[in-house]
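Structure first, commentary second.
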Amino acid sequence: MSDRITLTGLRVRGRHGVYDFERENGQDFVVDAELELDLSRPARTDEVTDTVHYGELADRLAAIVAGAPVRLIETLADRLAAACLADPRVDRVRLTVHKPQAPIAHGFTDVSVTLVRDRTSGADGGPARKEPR
């Protein structure tokens, strides 16, 4: 599938992390989601109901990030990917969670986790399928 909808840089405050102070104080998380799906129908009909509404997608993802805390961004990324695959039109998702304020004692720009989920790996947190290099 070569058709894609991409949402890049969704910034949401969340309370995820291994340390108590991360869950108490919260921090910004940034989400990138690339959905693979067939866009031929919405291209023909010009109807938003025939595609994934990216505003509604952003709302769903933001609610997860701002919701119940988890310890690992791997867990958060998996939940976000499952939310993307909950729409039956989505065949595959590449999801990245950035944690630019991670508690690291050295200067750094970003820490992120990227995973890929598709219908064969399942929306229920099945193992990520490795991408060909």
Side-chain angles (χ1 to χ4, degrees):
M1 181 66 53
S2 60
D3 299 343
R4 290 178 170 78
I5 292 175
T6 304
L7 175 64
T8 305
L10 178 66
R11 186 174 298 274
V12 182
R13 190 112 179 128
R15 296 180 176 276
H16 311 287
V18 172
Y19 300 109
D20 290 340
F21 69 87
E22 292 180 285
R23 291 187 301 279
E24 291 168 11
N25 301 330
Q27 60 191 293
D28 289 340
F29 293 83
V30 180
V31 176
D32 302 328
E34 181 179 281
L35 312 180
E36 290 187 23
L37 66 161
D38 184 354
L39 295 175
S40 59
R41 180 180 172 117
R44 282 191 317 274
T45 65
D46 200 29
E47 293 293 333
V48 71
T49 55
D50 288 333
T51 190
V52 173
H53 188 301
Y54 47 79
E56 293 173 0
L57 174 66
D59 289 343
R60 284 193 305 274
L61 298 180
I64 294 168
V65 175
V70 296
R71 294 171 50 87
L72 300 178
I73 59 174
E74 291 86 342
T75 304
L76 180 60
D78 190 69
R79 290 181 180 181
L80 294 166
C84 293
L85 284 172
D87 187 314
R89 294 171 291 204
V90 177
D91 295 319
R92 186 174 192 227
V93 61
R94 178 184 175 93
L95 196 296
T96 301
V97 174
H98 302 267
K99 190 174 179 180
Q101 300 158 339
I104 296 175
H106 306 281
F108 72 101
T109 302
D110 190 24
V111 171
S112 67
V113 167
T114 300
L115 53 80
V116 176
R117 297 284 187 267
D118 60 29
R119 294 274 163 225
T120 60
S121 65
D124 61 352
R129 194 175 96 185
K130 292 190 177 192
E131 292 190 274
R133 292 184 178 211

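None of the values given here were measured: they were computed from a predicted structure.
A donor-acceptor pair is defined here as one N or O able to donate and one able to accept, closer than 3.5 Å; such a pair exists between the side chain of Arg23 and the backbone of Val18. For the pair His16 (side chain) and Val70 (backbone), a donor-acceptor distance under 3.5 Å is present. The backbone N or O of Leu39 sits nowhere less than 3.5 Å from a side-chain atom of Arg41 that would complete a donor-acceptor pair. Of the possible polar contacts, none joining the Arg60 side chain to the Cys84 backbone as a donor-acceptor pair under 3.5 Å is found.
A salt bridge links Asp78 to Arg117: at least one charged side-chain nitrogen sits closer than 4.0 Å to a carboxylate oxygen.
For the atom pair Asp59 CG and His53 NE2, the distance stands at 8.5 Å (nearest 0.5 Å). Taking CZ from Arg71 and CG from Leu76, the interatomic distance works out to 14.5 Å, rounded to the nearest 0.5 Å. From Asp32, atom CG reaches atom OG1 of Thr8 across 5.0 Å, with rounding to the nearest 0.5 Å.
Here the shortest heavy-atom pairing between His98 and Ser112 reads ND1-CB, 3.6 Å. Of all non-hydrogen atoms in Phe29 and Arg15, the two that sit nearest each other are CE1-N, 4.4 Å. Here the closest heavy-atom approach between residue Ser40 and residue Asp38 is recorded as OG-OD1, 2.7 Å. Closest non-hydrogen pair, Ala81 versus Leu115, comes out as CB-CD1, 3.6 Å. Closest approach of Ala83 and Ile64 over heavy atoms only: CB-CD1, 3.5 Å. Closest non-hydrogen pair, Arg119 versus Arg89, comes out as NH2-N, 4.5 Å.
When each of Val31, Leu61, Val52, Leu35 is paired with Leu7, the side chain to side chain contact (heavy atoms under 4.5 Å, CB included) condition holds for Leu61 and for no other. Each of Asp28, Asn25, Val111 was evaluated against Gln101; a single residue qualifies, Asp28, per the side chain to side chain contact (heavy atoms under 4.5 Å, CB included) test. Shown are Asp118, Val116, Leu85; of these, the side chain to side chain contact (heavy atoms under 4.5 Å, CB included) with Val93 is made only by Leu85.
No continuous path of hydrophobic side-chain contacts links Val30 to Val113 [ILVMFWY only; heavy atoms under 4.5 Å].
When the shell of 6.0 Å around CZ of Phe21 is examined, it contains more than 12 heavy atoms from other residues, nucleotides or ligands.
Residues Ile5 and Leu37 form a side-chain contact, since some pair of their non-hydrogen atoms from C-beta on lies under 4.5 Å apart.
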